Amino acid sequence: PEAIESRFGVVARLLTRDDLNSYNISPGHFAPVITSEKPHEVQTFRFGLTPFWAKSDMLLPTARAEGDYNQSDNPKIKSAAGIILKKAFRKPIRSQRCIVIASAFIEGISNNGKLQPHVVYLRNLQNPFPIAGIWDTWHSPSGDAINSFCIITTTANSLLQKIGSLRM
C-alpha cells in the first residue's frame, strides 16, 4: 500500500495483502484500480467489464483502442477512435476511466501451437505502474452492484513485438 500511495498520490491504506499479492489476476478476480470518480483512493474492482446495460454477467477483459479498424493488429495503426464505436465501451470511455495498478503482466505467445508465457515489467523496476482502463457498474438480477473494469489495449510496441506479441 505504501508504494501505491507514494507512486500515485492516493490513499491505499484500506487495501489488504490479499488485494495486492496475486501473481495472476485473470477475468473474474478483483484488482486495485484508481477511478475517475474517486481519483484519490484505491478501490478493488472485478477484472472483466460488464456494461451497465447487460442482461447477464459478462467478463470483457480488454477494449481495443482502435476498435474494429485494425483486426489484423497492424502495428502502424495507432488510432484510438474506434473504441467509442463499441456499445460496451461507449459510455465508460467518455466518463469512467481508471488506472489499473500493476507491477508486471503476463503476455502469452503462441509458439508452434504451444502457449509460451512471458512476464513483462518495466526495465527500471519502477513499480507499481499504471495501465489504462475503463470501468462500469452493473446491477445483477438480485440487485447487487458489481463494479468491473477492462484494460485498454493497442498494437504492440517494438519491444513486445520482439517476443511475438501483437497487442499491449
Side-chain angles (χ1 to χ4, degrees), residues 4 7-12 14-16 18-75 77-110 115 117 120 128-157 160 165-168:
I4 292 171
R7 176 85 161 116
F8 297 106
V10 296
V11 175
L14 299 177
L15 293 176
T16 67
D18 289 341
D19 294 329
L20 301 173
N21 283 339
S22 178
Y23 295 98
N24 188 12
I25 298 170
S26 57
H29 290 107
F30 284 77
V33 296
I34 302 167
T35 67
S36 53
E37 185 176 86
K38 295 183 178 181
H40 301 294
E41 77 178 65
V42 177
Q43 302 173 77
T44 53
F45 282 15
R46 191 184 66 183
F47 180 29
L49 186 86
T50 301
F52 74 93
W53 49 261
K55 301 228 184 296
S56 61
D57 201 4
M58 302 168 77
L59 291 172
L60 304 172
T62 61
R64 298 171 68 97
E66 65 275 19
D68 291 336
Y69 291 134
N70 189 16
Q71 289 296 317
S72 64
D73 293 320
N74 181 340
I77 299 174
K78 298 285 185 189
S79 171
I83 193 171
I84 206 157
L85 300 176
K86 293 295 208 177
K87 183 179 178 184
F89 311 133
R90 192 173 296 141
K91 179 179 176 259
I93 194 62
R94 288 184 171 126
S95 61
Q96 294 165 216
R97 299 176 186 191
C98 66
I99 292 172
V100 180
I101 301 169
S103 57
F105 60 91
I106 298 171
E107 191 64 31
I109 309 300
S110 181
L115 195 62
V120 180
F129 61 86
I131 297 175
I134 54 177
W135 64 275
D136 210 341
T137 301
W138 174 71
H139 294 278
S140 71
S142 64
D144 295 328
I146 298 173
N147 294 316
S148 61
F149 73 91
C150 68
I151 50 180
I152 299 173
T153 65
T154 189
T155 54
N157 64 18
L160 286 177
S165 180
L166 299 175
R167 308 284 311 157
M168 67 175 191

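Quantities reported herein were computed from a predicted structural model and do not represent experimental measurements.
Using a distance-only test at 3.5 Å, with no hydrogens or angles considered, no donor-acceptor pair links the side chain of Trp135 to the main chain of Thr35. In terms of modelled atom types and a separation under 3.5 Å, the side chain of Asn147 and the main chain of Phe45 share no donor-acceptor contact. The main-chain N or O of Asp57 is never found under 3.5 Å from a side-chain atom of Ser140 such that the two would form a donor-acceptor pair. Side-chain atoms of Arg46 never come within 3.5 Å of backbone atoms of His29 as a donor-acceptor pair (strictly under, hydrogens ignored). The backbone N or O of Ala145 lies less than 3.5 Å from no partner atom in the side chain of Thr137, so there is not a single donor-acceptor pair.
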* Going through the distances and angles, do Phe149 and Phe47 end up as a side chain to side chain contact (heavy atoms under 4.5 Å, CB included)? -> CA-CA 5 Å; Phe149 73 91; Phe47 180 29; 3.5 Å; yes
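Two residues are said to be in side-chain contact when any heavy atoms from C-beta on lie closer than 4.5 Å; Val42 and Phe8 fail this criterion. Inter-residue side-chain proximity for Gln96 and Lys91 is flagged as met; some heavy-atom pair is nearer than 4.5 Å. For the pair Arg7/Pro130, a side-chain contact is recorded, criterion being any heavy-atom separation below 4.5 Å from C-beta on. Side chains of Met58 and Pro51 form a contact here, defined as non-hydrogen atoms less than 4.5 Å apart. Using a 4.5 Å heavy-atom cutoff, the side chains of Cys150 and Ile134 are in contact. Side-chain contact between Thr153 and Met168 is absent, with no heavy atoms from C-beta onward closer than 4.5 Å.
Note: Ile146 CD1 to Thr50 OG1 = 6.5 Å, rounded to the nearest 0.5 Å.
Of all heavy-atom pairs between Arg97 and Ile93, the closest is NE-O, 2.7 Å. For the residue pair Leu60 and Ala88, the shortest heavy atom distance occurs at CD1-CB, 3.7 Å.
Below 30°, between 30° and 60°, or above 60°: for Phe129 and Phe105 the angle between ring planes is above 60°, a perpendicular geometry.
In terms of the side chain to side chain contact (heavy atoms under 4.5 Å, CB included) criterion, residue partners of Ser165 (sequence neighbours excluded) are, by chain and number, Glu107, Ile109, Ala156, Leu160, Ile163. Residues passing the salt bridge (charged side-chain N to carboxylate O under 4.0 Å, His left out) test with Lys86, sequence neighbours excluded: Asp68.
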